[in-house]
Amino acid sequence: MSENGWPADRIDTGSAHSARIYDYILGGADYYPADKEAGDAMCVEWPALPIHMRANRDWMHRAVRYLAAEAGVRQFLDIGTGIPTSPNLHEIAQEVAPEARVVYMDNDPIVLSLSRGLLTSTPEGRTAYVEADMRDPAGVLAAPELRATLDLGQPVALTVIAIVHFVLDEDDAVGIVNRLLEPLASGSYLAMTIGTADFAPEEIARVSREYAARGMPMRLRNLPEAEAFFEGLELVEPGVVQIHKWRPDGTEPAGIRDEDIGMYGGIARKP
């Protein structure tokens with residue numbers, strides 16, 4: 001085990017990892033020197049990167065509140081959870097509805113080792129963690145932890161936040177999301193944020209090259225490509241927009257510019 005209690009034999013501490021870079025830039029503590037070096041290099045290429053990443057986190061908060069409070073969802077399946085950062089998704093959902101049930105899924109051994117922070121459910125609700133790869137939707141959906149926690153005969157919110165830009169064309173990101181949605185009941189929701197270079201193409205291209213140089217190639221998508229994830233679903237207003245423009249609630253930092261944000265976000269209901 002590492003000094004942090006992580007399974008050291010499964011963790012490449014000498015290479016940067018996307019979840020740990022995200023944690024470092026957001027001010028967390030669960031990263032290694034390689035992640036700090038990568039994050040610092042990326043922020044040189046695009047100084048707005050911390051603003052962009054915080055805006056994504058803020059979008060998750062607003063989206064989950066909408067799903068729990070306005071859409072009445074009581075079950076959540078979070079794909080590509082990442083390193084726990086309070087308030088986590090279940091804390092937001094259970095603040096609205098203490099009986100809410102949440103399943104987190106990731107394939108990073110660090111997230112698994114830190115998953116105790118994701119399992120502090122209210123007595124009325126329940127949380128669970130599944131170690132799986134989103135590129136295997138059947139494996140995700142068949143996981144015993146998921147089946148014991150969620151009733152797929154009732155609506156589920158499928159949240160896929162800031163992850164599909166690491167899914168390349170050969171892995172068919174839209175098909176993966178569709179296969180995860182397929183068994184979910186009518187009245188379920190899809191909530192996604194999707195990386196784009198539409199608003200700061202030169203800066204984000206440089207950040208993308210930094211990721212690729214560290215073994216993390218990216219597939220950034222334009223608006224029509226982002227909207228393709230929601231085909232056949234009923235989009236919630238205002239549709240697929242930059243994340244800072246999706247139902248702002250007044251808690252966002254002032255002065256965010258369009259060119260500071262490289263992410264589309266949207267929520268849609270399954271008929």
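Along the sequence shown, the residues carry numbers beginning at 1. In this text the structure is predicted, and so the values were computed from the model without any measurement.
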With under 30° as parallel and over 60° as perpendicular, where do the rings of His52 and Trp46 fit, or are they tilted in between? tilted
Which is it for Ile25 and Cys43 under the side chain to side chain contact (heavy atoms under 4.5 Å, CB included) test, yes or no, and what are the steps along the way? CA-CA 9 Å; Ile25 291 176; Cys43 288; 4.1 Å; yes
When you measure from the side chain of Arg147 to the backbone N and O of Ala142, does any donor-acceptor pair fall under 3.5 Å? no
Under the side chain to side chain contact (heavy atoms under 4.5 Å, CB included) rule, what do Trp59 and Ile161 come out as? Steps first, then yes or no, please. CA-CA 9 Å; Trp59 183 91; Ile161 299 173; 4.0 Å; yes
Could you check whether Asp169 pairs with Arg219 (Lys NZ or Arg NE/NH1/NH2 to Asp/Glu carboxylate O, under 4.0 Å)? yes
Val102 and Arg126: CA distance, side-chain angles, deciding distance, side chain to side chain contact (heavy atoms under 4.5 Å, CB included) verdict: CA-CA 6 Å; Val102 178; Arg126 188 168 179 181; over 6 Å; no
Separation between OH (Tyr24) and NZ (Lys36), nearest 0.5 Å, reads 4.0 Å
Supply the atom-to-atom distance Met263 CE to Phe199 CZ, rounded to the nearest 0.5 angstrom. 12.5 Å
Is the shortest side-chain N to carboxylate O distance from Arg20 to Asp23 below 4.0 Å? no
Does the side chain of Ile204 reach to within under 4.5 Å of the side chain of Glu45, using non-hydrogen atoms? no
Checking side chain to side chain contact (heavy atoms under 4.5 Å, CB included) between Gln94 and each of Thr120, Thr122, Leu89, which is the one that passes? Thr122
Between Val96 and Leu67, is there shared hydrophobic-cluster membership here, with clusters defined by ILVMFWY side-chain heavy atoms closer than 4.5 Å? no
What is the minimum heavy-atom distance between Ile243 and Ala55, and which atoms define it? CD1-C, 3.6 Å
Would Val64 and Phe76 count as a side chain to side chain contact (heavy atoms under 4.5 Å, CB included) here? Give the steps. CA-CA 9 Å; Val64 173; Phe76 294 80; 4.2 Å; yes
Distance (rounded to the nearest 0.5 Å) between Met192 CE and Thr159 OG1: 10.0 Å
One should read off an interatomic distance between Leu233 CG and Asn178 CG, to the nearest 0.5 angstrom, of 8.0 Å
Would you say Thr251 and His61 are linked by a side-chain donor-acceptor pair, where the criterion is simply a distance under 3.5 Å? no
Sidechain N-carboxylate O distance under 4.0 Å for Asp151, Arg101: no
Looking only at side-chain N and O atoms, does Asn56 offer a donor or acceptor that is under 3.5 Å from a partner on Tyr22? yes
Do Arg247 and Tyr66 have side-chain heavy atoms sitting under 4.5 Å apart? yes
Evaluation steps, ring pair (Phe, Tyr, Trp, His ring centres under 6.0 Å), between Tyr264 and Phe229: CA-CA 11 Å; Tyr264 287 115; Phe229 286 96; over 10 Å; no
Determine, for Lys270 against Glu182, whether the closest basic-nitrogen to carboxylate-oxygen distance falls under 4.0 angstrom. no
Salt bridge flag under 4.0 Å for residues Glu37 and Arg214: yes
Pair Asp106-Thr81, side-chain donor/acceptor within less than 3.5 Å: no
If you measure from CD1 on Ile163 to NE2 on His165, what distance do you get to the nearest 0.5 Å? 6.5 Å
How many angstroms lie between atom CG of Leu180 and atom CE of Met105, to the nearest 0.5 angstrom? 8.5 Å
Under a 3.5 Å cutoff, is there a donor and acceptor pairing between the side chains of Tyr104 and His90? yes
Is any side-chain N of the basic residue among Arg54 and Asp58 closer than 4.0 Å to the acidic one's carboxylate O? no
Beyond-backbone contact of Glu91 with Asn88, side-chain heavy atoms, under 4.5 angstrom: yes
